[in-house]
Amino acid sequence: MRTGQISVQSENIFPIIKKFLYTDQEIFLRELVSNAVDATKKIQTLSRIGEYSEELGDLKVEISIDEKKKTLTITDYGVGMTEEEVEKYITQLAFSGATEFVEKWKDKDPDQMIGHFGLGFYSAFMVAKEVNIISRSYKKDAEPVKWECDGTTSYSIEKGKRKHRGTDIVLHLTDEDAETYLSKWKIRELLRKYCRFLPIPVEFDGEVINNIDPIWTKKPSDLTQDDYKKFFEELYPMQEAPLFHIHINTDYPFNLTGVLYFPKINQALDNRKDRVQLYSNQVFVTEDVKDVLPEYLVLLQGVVDSPDIPLNVSRSALQSDSNVKKITSHISKKVSDKLTEIFKADREDFQSKWEYLDLIVKYGMLSDEKFAERMKDYCLLETTDNKFHTIQEWVDHCKINQTDKNGDTIILYTTDQNAQHMSIKSVKDAGYEIIKLTGTLDVHFAGFAEGKFEKVRFKCVDSAPVNQLIEKDETIESSLSKEQQETLEKSVKELLNEVAFDIKLESLPPQQEFISIHKNEWERRMEEYAKMGQSMPFGDLGMKKHHLVINSNHPLAAKVLSQDTEAQKSTIQYCLDLAMLEKNLLNGAALERFINKAKELL
Ligand code: ADP
Ligand code: MG
């Protein structure tokens, strides 16, 4: 037996590693099993190229628990290691990697450490007080070797007893970790999570837990629709079938495979748990793909596998990594290609799926310039009559009848068909058409589309009196004299609270309401931005005020002027209440007063 000293800077780096990686402690199993898989794949390769001519035998990785000895063992029948190799790959390379890791991260915020990978073999010490390697190399006449290390910087190495080619990694669990990792249930759960699609059978408790050739490793031409369906069910049991899938299969200029599913997403932006899973050579890495996928694609489901995504760097580095950027834009391109393909092949089909595509497409267009450019001609608008048009089609259509005096085409929309029922009715009666912008991002999207399409403006149906929505050159004469107008305005202002209302007298067509309430377009947008947590560019400008328009041409205007003060008060108040009722603003004492008044009139 020989003993040695591991040359590392700090005396004992294990406690540091334990502390830093606590939250990700369980990844040790993934690391050790994937090393075992790597070693097994190496022997397969050596055999294939004729460098190894013995029987390969039953190639698998076994995980076993010994409750008495408090050990967890990972066994493989791979290439194994000679004594020199253990020295080289374990005591020198693996340890120096770990030292470097600690050096780099010891001053960092532990939170940033979550999601760190690449500690490899060394991660065994997160749960073990002692680790043994018992290995026998595939090389002819290689002596078996046994290496022991108790988590300090010294280790021993001696001749071992292993009869067959391969390696056992034996972890003597610490007392605190033994309870967790001696549980069959826990080990099975971890293997299901991290090793589910590893390419070599992984056996635990007499059962193979993995699918060694998941569909993303195959050629799309060898697969049927049913294969994709089955795989989705395997990934997300008991879930509603997805709309369609995208098979990604690229090996140049980077290696990227995967199958993405487009689920039925409606307007709920988050709270979806089953997201895209990220793999590296079939080893599960994370479900937290925020840094790899653009945010709008985080809502997709499925698997992305790439050995080219660096896993051992920090998140911020990941976002600026050029490989990650290329992969991200490749995926985004694949998604828009698929969407345009469906649109072109069968527009009816595309339209029928639109309610589920709407959010992702708009979210994507708002957040990714290139995606926006590619999807601009395929993003749909739905009218209140449930007809679909592309933005360009709708702009061209509205140009004819809905262009204002400045040459701007006005696209009228509703954010809530039920609440805006009355406005919708009068807008339709005026001969205009309306689209539905009822989604979470839609008001933002309106602003965005205005930037993309020249001389196009979006206006909500209740943002102004109907005849002012699409402004024309003609002016409407007031049927009241200047003096009468001033008197009317004065009495209204005296009666109503100017703090709550911004009051304006206007000459509108006589058939339009006497008193109406509006929320102007700009204020609505600001409110939406505030809702999404974005700060308002100009500060809070007392947005709570309602815009109240008095139509001086309405027959009631003349009537009010002829009434005495008491009757005036009563008419104006009643008309205001009606306007408020229409906007769902009437409540509390005001509602009580209104109801009493209505009863009185009966
Ligand atoms: P990595 O896997 O990234 O190379 P690790 O720290 O996980 O880093 O492993 C270090 C090295 O130890 C491996 O590259 C390999 O040469 C060797 N090794 C680890 N586990 C095994 C094993 N089960 N069989 C053969 N060699 C192994
Ligand atoms: Mg490894």
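As the structure lists them, so they are numbered: ligands from 1, and atoms in each ligand from 1.
Around the Mg ion (ligand 2), protein N, O or S atoms at less than 2.8 Å number 1.
Residues His172 and Asp150 have side chains that never bring a donor and an acceptor to within less than 3.5 angstrom of each other.
Looking at Met81 against ligand 1, only its side chain comes within 4.0 Å, counting heavy atoms.
Residues meeting the ring-ring contact (aromatic ring centres under 6.0 Å, His included) test with Tyr52, sequence neighbours left out: Tyr138. Residues satisfying the side-chain contact (heavy atoms from CB on, under 4.5 Å) criterion with Thr3, sequence neighbours excluded, are Met1, Ser156.
Checking side-chain atoms of Arg165 against main-chain N and O of Tyr77 turns up a donor-acceptor pair under 3.5 Å. In terms of modelled atom types and a separation under 3.5 Å, the side chain of Asp337 and the main chain of Lys334 share no donor-acceptor contact.
Rounded to the nearest 0.5 Å, atoms CG (Asp227) and NZ (Lys218) are 6.5 Å apart.
Set against the non-hydrogen atoms of Gly120, the atoms of ligand 1 under 4.0 Å away are 5 (P), 6 (O), 7 (O). The contact set between ligand 1 and Ile90, taken as ligand atoms under 4.0 Å from a residue heavy atom, comprises 12 (O).
Contact of the Phe262 side chain with the Ile360 side chain is registered, since non-hydrogen atoms from C-beta on lie closer than 4.5 Å.
Considering backbone and side-chain atoms alike, Asp76 places an N or O below 3.5 Å from some N or O of ligand 1. Annotation: Ala39 places no N or O atom under 3.5 Å from an N or O atom of ligand 1; distance criterion only. Here's the thing with Asn35: one of its N/O atoms is less than 3.5 angstrom from an N/O atom of ligand 1.
For Tyr228 and His247, the gap between ring centers is short of 6.0 Å.
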Expected list for residues 196-211: side-chain donor-acceptor pairs under 3.5 angstrom, two or more places apart:
residue, atom, partner, partner atom, Å
Arg196, NH2, Glu234, O, 2.4
Glu203, OE1, Lys60, NZ, 3.2
Asp205, OD1, Lys184, NZ, 3.3
Asp205, OD2, Arg188, NH2, 3.1
Asn210, OD1, Val202, N, 2.8
Asn210, ND2, Leu198, O, 3.0
Asn210, ND2, Ile200, O, 2.7
Asn211, OD1, Asp213, N, 3.2
Asn211, ND2, Glu234, OE1, 3.4
Asn211, ND2, Glu234, OE2, 3.3

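Not a single heavy atom of Glu31 sits under 4.0 Å from any atom of ligand 1.
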